[in-house]
Asks: 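Take this structure, written in structure tokens, and hold onto it; I'll ask about it next.
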Amino acid sequence: MKKVLVTGASGFIGRYVVRYLLNGHFHIIATSADEIKASQLDWYGKVEYIPFDFENFDQQTDYFRFFNEPDLVIHLAWEGLPNYRSAFHTDVNLPRHALFLQNLVEHGLRDLTVTGTCFEYGMQEGCLNENLEPQPGNSYAIAKNELRRELEQLQQRTPFFFKWIRLFYMYGKGQNPNSLLSQLDRALEAGDEVFNMSGGEQVRDFLPVEKVANYIVDIAIQNRIGGIVNCCSGKPVKVKDFVVDYLQQTKRSIRLNLGYYPYPDYEPMSFWGDNTKLKTIVSNE
């Protein structure tokens, strides 16, 4: 039975990834910094849980052996979000995570999947495909892009199968409380008459977190197609239309005060992902 290690297992995406893996024939090793939080999740008693805090990373430790020699690693862990501009990502997270993954590979790991971000594309607009040159503009995106480059260089020295998943926008239960739908839900629960938001004309690419988790696993467990893979719907949607559709689906209503907030300056006005490569992987599963 294949051993699969999931880092960041108790996070927003990780909890769903572990749940989806349980549908297959895998020995799941889950890790996160907070075992108390993990113990409250429905899958906790069904996996091998090994707590690990990246602040305690020790270069002298053999982490491949520490995590019982997994056949595949799905690396979701990343601290410091959603503060995309913090130098923490480049100064602390990048070297720490790079050394951790290098440690796993140099001690025997041969199959690695890591999540990146659509922010690696920077301010490029339109339909974004994996062949575009990255133009990261915030610390988080710069750190992620550099981590990918370092892992590609490592791959030349110590061969392993490598998949880099660029995540676009996702939503669902457990999302950051500052996310758009989390704020909308709070306003609805409080009985607010008005919900303040931006003009809503931005075009984005949305997926429910359950579908994101399914795609991550589908990409990770196959070894035919590697490299960068966009994890996205491939469908451009205006933010205001996304909000209206969410209200209709949940049969609730609130007046939208469009234009209350300015548009963010760290992302382009209109972009979505090309999911051709993703569809090739999923259709062959």
Asks: Could you check whether F52 and Y63 have their ring centres less than 6.0 Å apart?
Replies: yes

Asks: If we ignore angles and hydrogens, is there a donor and acceptor under 3.5 Å between the side chains of D245 and Q249?
Replies: yes

Asks: Checking R166 against Y121: charged group under 6.0 Å from the ring centre and within 45 degrees of the axis?
Replies: yes

Asks: Determine, using ring centers only, whether F242 and Y171 are less than 6.0 Å apart.
Replies: yes

Asks: One pair to check against salt bridge (Lys or Arg N to Asp or Glu O under 4.0 Å): E193 and R255. What are the steps and the verdict?
Replies: CA-CA 6 Å; E193 295 181 359; R255 184 168 66 84; over 6 Å; no

Asks: Assess the side chains of Q59 and N103: does a donor N or O sit below 3.5 Å from an acceptor N or O?
Replies: no

Asks: Any side-chain donor paired with an acceptor under 3.5 Å for D274 and T276?
Replies: yes

Asks: Examine the side chains of S179 and Q183 and answer whether a donor and an acceptor come within less than 3.5 Å of each other.
Replies: no

Asks: Under a 3.5 Å cutoff, is there a donor and acceptor pairing between the side chains of E35 and Y44?
Replies: yes

Asks: H97 and E79: side-chain donor and acceptor closer than 3.5 Å?
Replies: yes

Asks: Could you tell me if W272 and E125 have a donor-acceptor pair between their side chains, going purely by distance under 3.5 Å?
Replies: no

Asks: Is it the case that the side chains of Y140 and S86 hold a donor-acceptor pair, with the cut-off being a distance below 3.5 Å and no angle test?
Replies: no

Asks: Pick from L180, D241, D185: which one makes a side-chain contact (heavy atoms from CB on, under 4.5 Å) with Y246?
Replies: D185

Asks: With a 6.0 Å cut-off on ring centres, are F168 and F206 close enough?
Replies: no

